[in-house]
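We're numbering straight along the sequence, starting at 1. Not measured: the values here are computed from a predicted model.
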Amino acid sequence: MRRRNSQHGHTDWCGRDHRCNLGEHRSAEIVVDLPGHGRAVLVRVRTAAGRDHAEIRLRVALAPAEPAARRQLAGLLADLRHVVTRAALAARPAPRRAA
């Protein structure tokens, strides 16, 4: 649901504080923390143009050996490509079936 506060144009999910500036609306952070392994932070953003986005910051502990760290990075890039592609495909309207 995208209701807005009529006074300021805020959505229901907008943080309505210092995160909300320069025409953008930003939600509170959703944090997934796996101590010693990694952390992900997700924020919903609505731009001044009215487009909604998911902003994701990710921190993952890398292996101490360079070849293993490079393999991890290659795997992360492949996984990120899959995540972004899946999200983009989910945003498409469902195809209409012929009657």
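E29 contributes no side-chain N or O that, together with a main-chain N or O of L42, makes up a donor-acceptor pair within less than 3.5 Å. Here the side chain of Q72 pairs no donor or acceptor atom with the backbone of V60 at under 3.5 angstrom.
The two residues A68 and A63 come nearest to each other via the heavy atoms CB-CB, 3.6 Å.
In this structure, L58 CG and L80 CG are separated by 6.5 Å, a value rounded to the nearest 0.5 Å. Once rounded to the nearest 0.5 Å, the distance linking CG of D52 with CZ of R46 reads 4.0 Å. For the atom pair CZ (R59) and CG (L34), the distance works out to 13.0 Å, reported to the nearest 0.5 Å.
Under the 4.5 Å side-chain criterion, counting only non-hydrogen atoms from C-beta, E55 is in contact with R26. A heavy-atom distance below 4.5 Å is found between the side chains of L62 and L73. By the 4.5 Å heavy-atom criterion applied to side chains, V32 and R39 are not counted as neighbours.
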